[in-house]
Each structure stands twice: as structure tokens, then as C-alpha cells.
J.: 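Mind looking over this structure? Questions follow.
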Amino acid sequence: MNIIFFETQSWEEEYLKERLKGYSLDFSSSANPLQVGVDKGKSEADVICNFVASPVTKETLEKYPKVKYVATRSTGYDHIDVKACREKNILVSNVPTYGENTVAEFTFALILSLSRKMYPSIKRVREQGLFSADGLMGFDLKGKTLGVVGAGHIGMHVVRMAKGFEMHVVAYDPYPKAETSNEFGFEYLSLDDLLKQSDIVTLHVPYLPATHHLINDEKFKLFKKGSILINTARGGLVETESLLKALKSGVISGAAIDVLEEERYIKEDINLLYQKHPSELELKNMLADHELMQMDKVIITPHNAFNSKEAMVRILDTTIANIQAFAAGQPINLVKSPF
């Protein structure tokens, strides 16, 4: 069985080679399956193993006509055309869980960075040589209300950590569990009520058609004035222009985001040479993303919340298990097509 991996680092390649002996493995650090697919021999792959920035589209599948299985090394799968895969009888699997604590810890790193003005503090000392705390007053987390949108695996880790900071926690989830809220001492609210009450809103829901632009102009009108928004989930959950307007108007006082709506273009501009040109809407979002990067009240990190050594090893172990199960004719962790 021929397997091609995208977005791999050298240590990952060694790890996979050691544990997938007997398979024909090909590795690419590229996040562009379309370009790699034109290389001689690459298109003979039976399995594509991709990551969050390497999309598997209808065009990708045309470049790899022998593919019968796509194993994404991620929980989310919005970068895969699941419908196109289904039409070609190609199975898709993901990594359902790997880093609940990892992403939750990063979430609190972002919250603390905003609440205690860490970035401007470091910048002042390092870049300006000024050892002064003037204008750097932050706020305590104790007693503040944290709104957790999505009380799944990651969201519940965030809830646990928030209780350690003595925060009041409210959560929104389409499938509330009363026993969980009683155990951990938080309250379920509607999304609208959560936005009205929260000093900090953090997003932990998957990106689906139903959650596209979950936070938009109408929702920002409900935000508590001066609150902050954290997004370590997916960029498409937040309408970019709406976020810009909310920041400029002072509806929210800050945002910390690890994901951008058009990050696939910003992350690797050379992709524009190989993919279709972005649409007018995508271009507008790209420009808005770049504007966000220049705002002092915004912290942007490069889709890094998942990126701990321990989490990456868990991702690889699950991916290996997925591939071996597929090869044995008993596939696991299959993604169900929403169509």
C-alpha cells in the first residue's frame, strides 16, 4: 500500500517509518497536494495522509486516481471535500481526540496574555528598552465570567481550568449534560445569553455549515461591552469583517485568535500559484486578516494551539492505528458525510 504524507517534519517521518514498516511511504513538507501530485510517481498513492493546511478537494482526487482512503491528522475535516470522497467511494478518517488539555492550556495562555497585557509589556522592554508599567494595567480573572461556546472535550478542560482561577463559568452547547454542569459547577445558557453575560468568550465548536460565521454582526451586538474573544477552534466561526468592526467600535476590547478565516493563503502565499485565485470575498477577508495583525488589542498566533510534543505524538499514534485498521479491512474513526 502506497501512502503519501503531507506537512510532515523530519522527526515525524522517522516516527512513522519505524511504526509503518511494510508500507510504501512518501513524505512531503508541502501543504499543497495539487503541486506534489504532478511529480512523477506521487500520483500512485493509495492513501493520502494530510494535515490542516493541506486540502483534499475534487481537484486533488483527480491528481491521485488510485486513492481509496484519506487519513487526516486532525480532528476537524473542513479541509476535505467529504462529499467528493464519498462519490468516489473513498473513506475518510480523522483523529477524534488528541489534545484536549493541550488546546485548553493554549486557550488560557491567550486569555492571560490579553488580561495581563503580556505582549505590549514584553515589547516595551525588549524593543523600546523601557522598564515602565505605565498604561499596562490588566485585570484579574478571579470573579470574571467565562463563556465557553462548545462544552465538548476541549471545552470541559477549559471549564476545569477556569474553576481553578475562581471564575464564574457559563457554557453553550447544543447537547447540554446536566450531570456535567453539576459536577463542575457551571451553568448552561443559550448562546445569546452567554454572550450578554460573559467577560471573556472562548470558542470550542467544530466548523460545520451550521457554525459558519457563528459570531457575526448580530451576535457582536450582544457582547458585553469591553469583553474579549478567544478563538482556538476554526477561523470560519467568526465573520472577519464583523470582528474588525467590533474591535474598532469598542464593542469588544480585545481578541486573541489562533485561527484565521483565510489562513490557508496567509500561511503559504505560494499556494496562490497552484490553486484557483481567491474570490472577492476571500480577498476581502485576507485584507481584514492582515489588518487584524496590526492591531495592538489583537493577539494572533499561527494555528499553534495543538502544537505540543505530547499532542503530536498522540496524533501520530492515532493516525497509525487508523491506517493499520484500514489496511486490515476494519476502518476506524471514520468521518460521516454530512450530505
J.: Please determine whether residues M293 and L244 belong to a single hydrophobic cluster, defined as Ile, Leu, Val, Met, Phe, Trp and Tyr linked transitively by side-chain heavy-atom distances below 4.5 Å.
T.: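 Both belong to a single hydrophobic cluster.
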J.: Check the hydrophobic clustering (I, L, V, M, F, W, Y; side-chain heavy atoms under 4.5 Å; chains of links allowed) and say if M295 and L260 are grouped together.
T.: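 Same cluster: M295 reaches L260 through Ile, Leu, Val, Met, Phe, Trp or Tyr contacts under 4.5 Å.
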J.: Crowded around M161 CE? As in, over 12 foreign heavy atoms under 6.0 Å?
T.: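 Yes, CE of M161 has more than 12 neighbouring heavy atoms, counting only those of other groups under 6.0 Å.
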J.: Any side-chain heavy atom of L247 sitting closer than 4.5 Å to one from I252?
T.: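 L247 reaches I252 side chain to side chain.
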J.: According to a hydrophobic-cluster definition based on side-chain heavy atoms being under 4.5 Å apart (Ile, Leu, Val, Met, Phe, Trp, Tyr only), do M118 and F139 belong together?
T.: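 Each belongs to a different hydrophobic cluster.
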J.: Any side-chain donor paired with an acceptor under 3.5 Å for H79 and S54?
T.: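 S54 and H79 do not have a side-chain donor-acceptor pair below 3.5 Å.
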J.: Taking the side chain as C-beta and beyond, is there a heavy-atom pair between E44 and K66 under 4.5 Å?
T.: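 Yes - at least one pair of side-chain heavy atoms lies under 4.5 Å apart.
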J.: Can you see whether N50 engages Y77 through a side-chain donor-acceptor pair at a distance of less than 3.5 angstrom?
T.: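 On atom types as modelled, these side chains do not qualify, holding no pair under 3.5 Å.
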J.: Group every Ile, Leu, Val, Met, Phe, Trp and Tyr by side-chain heavy-atom contacts under 4.5 Å, then state whether V313 and V95 land in the same group.
T.: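 Looking at the clustering, V95 is in the same group as V313.
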J.: Answer with yes or no whether the side chains of R314 and T102 bring together a donor and an acceptor at under 3.5 Å.
T.: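 The criterion, which ignores hydrogens and geometry beyond distance, is satisfied for R314 and T102.
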J.: Please identify each residue that fulfils side chain to side chain donor-acceptor pair (under 3.5 Å) with T232, with sequence neighbours left out.
T.: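 Once residues adjacent in sequence are excluded, the partners of T232 under the side chain to side chain donor-acceptor pair (under 3.5 Å) criterion are T107.
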J.: Does a side chain donor of either N333 or S93 reach within less than 3.5 Å of an acceptor in the other side chain?
T.: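 There is no such pair (donor and acceptor under 3.5 Å, judged by atom type) between the side chains of N333 and S93.
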J.: Does V251 reach the side chain of K245, with side-chain heavy atoms less than 4.5 Å apart?
T.: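 No, side chains not in contact.
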J.: Any side-chain to backbone donor/acceptor pair from Q197 onto T145? Under 3.5 Å, distance only.
T.: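 Between the backbone of T145 and the side chain of Q197 there is no qualifying donor-acceptor contact (under 3.5 Å).
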J.: Would you kindly say whether D217 and S242 are connected by a side-chain donor-acceptor distance under 3.5 Å?
T.: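 Distance-only check passes for D217 and S242.
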J.: Just checking Q330: does its CD atom have more than 12 heavy atoms from other residues, nucleotides or ligands closer to it than 6.0 angstrom?
T.: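 Incorrect, the count does not exceed 12.
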J.: I'd like to know if I122 and Y119 are part of one continuous hydrophobic network [Ile/Leu/Val/Met/Phe/Trp/Tyr, side-chain heavy atoms within less than 4.5 Å].
T.: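 Y119 does not cluster with I122.
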J.: Which value, rounded to the nearest 0.5 Å, describes the distance between M312 atom CE and D317 atom CG?
T.: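 If I round to the nearest 0.5 Å, the distance is 11.0 Å.
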J.: What do the steps show when you test L195 against Y172 for side-chain contact (heavy atoms from CB on, under 4.5 Å), and what is the final call?
T.: CA-CA 10 Å; L195 299 178; Y172 163 74; over 6 Å; no
J.: Could you tell me whether a side-chain N or O of T211 sits under 3.5 Å from a main-chain N or O of L214, the two making a donor and an acceptor?
T.: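 Looks like no, no N/O pair under 3.5 Å.
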J.: Between I257 and V238, does a side-chain contact (heavy atoms from CB on, under 4.5 Å) hold up when you go through it step by step?
T.: CA-CA 10 Å; I257 47 184; V238 181; over 6 Å; no
J.: Once ring pair (Phe, Tyr, Trp, His ring centres under 6.0 Å) is applied, do any residues pair with F306, and if so which ones, sequence neighbours excluded?
T.: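 Once residues adjacent in sequence are excluded, the partners of F306 under the ring pair (Phe, Tyr, Trp, His ring centres under 6.0 Å) criterion are F51.
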J.: Is the backbone N or O of T60 less than 3.5 Å from a side-chain atom of T57, with the two atoms forming a donor-acceptor pair by type?
T.: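 Yes, T57 side chain to T60 backbone: donor-acceptor pair under 3.5 Å.
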J.: Would you check, one step at a time, whether the test salt bridge (charged side-chain N to carboxylate O under 4.0 Å, His left out) holds for E18 with K21?
T.: CA-CA 6 Å; E18 179 66 27; K21 292 179 179 178; 3.5 Å; yes
J.: To the nearest 0.5 Å, tell me how far D140 CG sits from F165 CZ.
T.: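 D140 atom CG to F165 atom CZ measures 11.0 Å (nearest 0.5 Å).
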J.: Please identify each residue that fulfils ring pair (Phe, Tyr, Trp, His ring centres under 6.0 Å) with F5, with sequence neighbours left out.
T.: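 Counting only residues at least two positions away or on another chain, F5 forms a ring pair (Phe, Tyr, Trp, His ring centres under 6.0 Å) with F27.
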J.: May I ask you to decide if W11's main-chain N or O and E14's side chain share a donor-acceptor pair within less than 3.5 Å?
T.: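 No, E14 side chain to W11 backbone: no donor-acceptor pair under 3.5 Å.
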J.: Identify the heavy atoms of A151 and M156 that sit nearest to each other, and give their distance.
T.: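 Residues A151 and M156, closest heavy atoms: O-CG, 3.7 Å.
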J.: Taking C85 as the fixed residue, which of L91, I90, V335 is the one that meets the side-chain contact (heavy atoms from CB on, under 4.5 Å) rule?
T.: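 Testing C85 for a side-chain contact (heavy atoms from CB on, under 4.5 Å) against L91, I90, V335 leaves exactly one candidate, I90.
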J.: How about H213 and E261: does a side-chain donor come under 3.5 Å of a side-chain acceptor?
T.: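 Yes.
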J.: Would you mind checking if E291 and K248 are paired as a salt bridge, meaning a charged N to carboxylate O distance below 4.0 Å?
T.: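 Salt bridge between K248 and E291, a charged N being under 4.0 Å from a carboxylate O: yes.
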J.: Taking all heavy atoms of T75 and all of T97, pick out the closest pair and write down the distance.
T.: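 Taking T75 first and T97 second, the nearest heavy atoms are OG1-N, 4.4 Å.
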J.: Short question: side chain of D46, backbone of N2 - any donor-acceptor pair under 3.5 Å?
T.: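 Flag set: sc D46 to bb N2 pair under 3.5 Å.
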J.: Taking the side chain as every heavy atom from C-beta outward, state whether L203 and I215 have any atom pair closer than 4.5 Å.
T.: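 A side-chain contact exists here, since the closest heavy-atom pair is under 4.5 Å.
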J.: Please give me the minimum heavy-atom distance between L334 and P331, naming the atom from each residue.
T.: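 Smallest interatomic distance, heavy atoms only, reads CD2-CB, 3.9 Å.
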J.: Tell me, yes or no, whether the heavy-atom count around K17 atom NZ, taken from other residues, nucleotides or ligands under 6.0 Å, exceeds 12.
T.: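 Count over threshold, so yes.
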J.: Are I4 and F6 close enough that some pair of their side-chain heavy atoms sits under 4.5 Å apart?
T.: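 Heavy-atom side-chain distance check passes, below 4.5 Å.
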J.: Please say whether more than 12 non-hydrogen atoms of neighbouring residues, nucleotides or ligands are located less than 6.0 Å from NE2 in H168.
T.: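 It does: H168 NE2 has more than 12 such atoms within range.
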J.: Given M1 and V47, is the side-chain contact (heavy atoms from CB on, under 4.5 Å) satisfied, shown in steps?
T.: CA-CA 8 Å; M1 189 166 70; V47 176; 3.8 Å; yes
J.: Which heavy-atom pair separates I228 from S253 by the least distance, and what is that distance?
T.: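 Taking I228 first and S253 second, the nearest heavy atoms are CG2-OG, 3.4 Å.
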J.: In Å and rounded to the nearest 0.5 Å, what is the CD1 to CD1 distance from I111 to I299?
T.: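 Taking CD1 in I111 and CD1 in I299, the distance rounds to 11.0 Å.
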J.: Report the distance from atom CG of L141 to atom CG of L112, rounding to the nearest 0.5 Å.
T.: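 The distance works out to 5.5 Å.
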J.: Can you see which heavy atom on D173 is nearest to which on G152, and at what distance?
T.: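 Scanning both residues, the minimum pair turns out to be OD2-N, 4.0 Å.
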J.: Is it the case that the side chains of T8 and E13 hold a donor-acceptor pair, with the cut-off being a distance below 3.5 Å and no angle test?
T.: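 Result is yes, a qualifying pair exists.
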J.: Compare all side-chain heavy atoms of E7 with those of R73 and state whether any distance is below 4.5 angstrom.
T.: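 Yes - at least one pair of side-chain heavy atoms lies under 4.5 Å apart.
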J.: Take atom CZ in R116; do more than 12 heavy atoms of anything else shown fall under 6.0 Å from it?
T.: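 For R116, atom CZ is not crowded (no more than 12 foreign heavy atoms under 6.0 Å).
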J.: Begin with the C-alpha distance, continue with both residues' side-chain angles, and end with the deciding distance and a verdict on side-chain hydrogen bond (donor to acceptor under 3.5 Å, both in side chains) for H303 and T301.
T.: CA-CA 6 Å; H303 205 141; T301 50; over 6 Å; no
J.: Closest approach of V259 and R234, non-hydrogen atoms and distance?
T.: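 Nearest heavy atoms, V259 then R234: CG2-C, 3.4 Å.
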J.: Let me confirm one number: the CZ-NZ distance from R86 to K83, rounded to the nearest 0.5 Å.
T.: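 R86 CZ to K83 NZ: 7.0 Å, rounded to 0.5 Å.
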J.: Below 4.5 Å, heavy atoms only, C-beta onward: do V170 and L146 meet side chain to side chain?
T.: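 Not in contact.
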J.: Does the side chain of I300 come within less than 4.5 Å of L292's, by heavy atoms?
T.: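 Yes, their side chains come closer than 4.5 Å.
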J.: Please evaluate residues S190 and D193 with respect to the criterion side-chain hydrogen bond (donor to acceptor under 3.5 Å, both in side chains), reporting the C-alpha separation (whole Å), side-chain torsions for both, the decisive distance (0.1 Å), and the verdict.
T.: CA-CA 5 Å; S190 68; D193 286 339; 3.3 Å; yes
J.: Go through Y23 and Q324 one step at a time and tell me if the side-chain contact (heavy atoms from CB on, under 4.5 Å) criterion holds.
T.: CA-CA 10 Å; Y23 299 90; Q324 291 173 333; 4.1 Å; yes
J.: Nearest 0.5 Å, please: how far is CD1 in I315 from CD1 in I320?
T.: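 The CD1 atom of I315 is 12.0 Å from CD1 of I320, to the nearest 0.5 Å.
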J.: Taking only Lys NZ, Arg NE, NH1 and NH2, and the carboxylate oxygens of Asp or Glu, determine whether E166 and K163 approach each other closer than 4.0 Å.
T.: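 Looking at K163 together with E166, the answer is no, because their closest N to O distance does not fall below 4.0 Å.
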J.: Is a side-chain N or O of D258 found less than 3.5 angstrom from the main chain of N304, in a donor-acceptor match?
T.: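 Side chain of D258 to backbone of N304, a donor-acceptor pair under 3.5 Å: yes, one is there.
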J.: Tell me whether the rings of F223 and F220 are parallel (<30°), tilted (30 to 60°) or perpendicular (>60°).
T.: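 If you compare the ring of F223 with that of F220, the planes turn out tilted.
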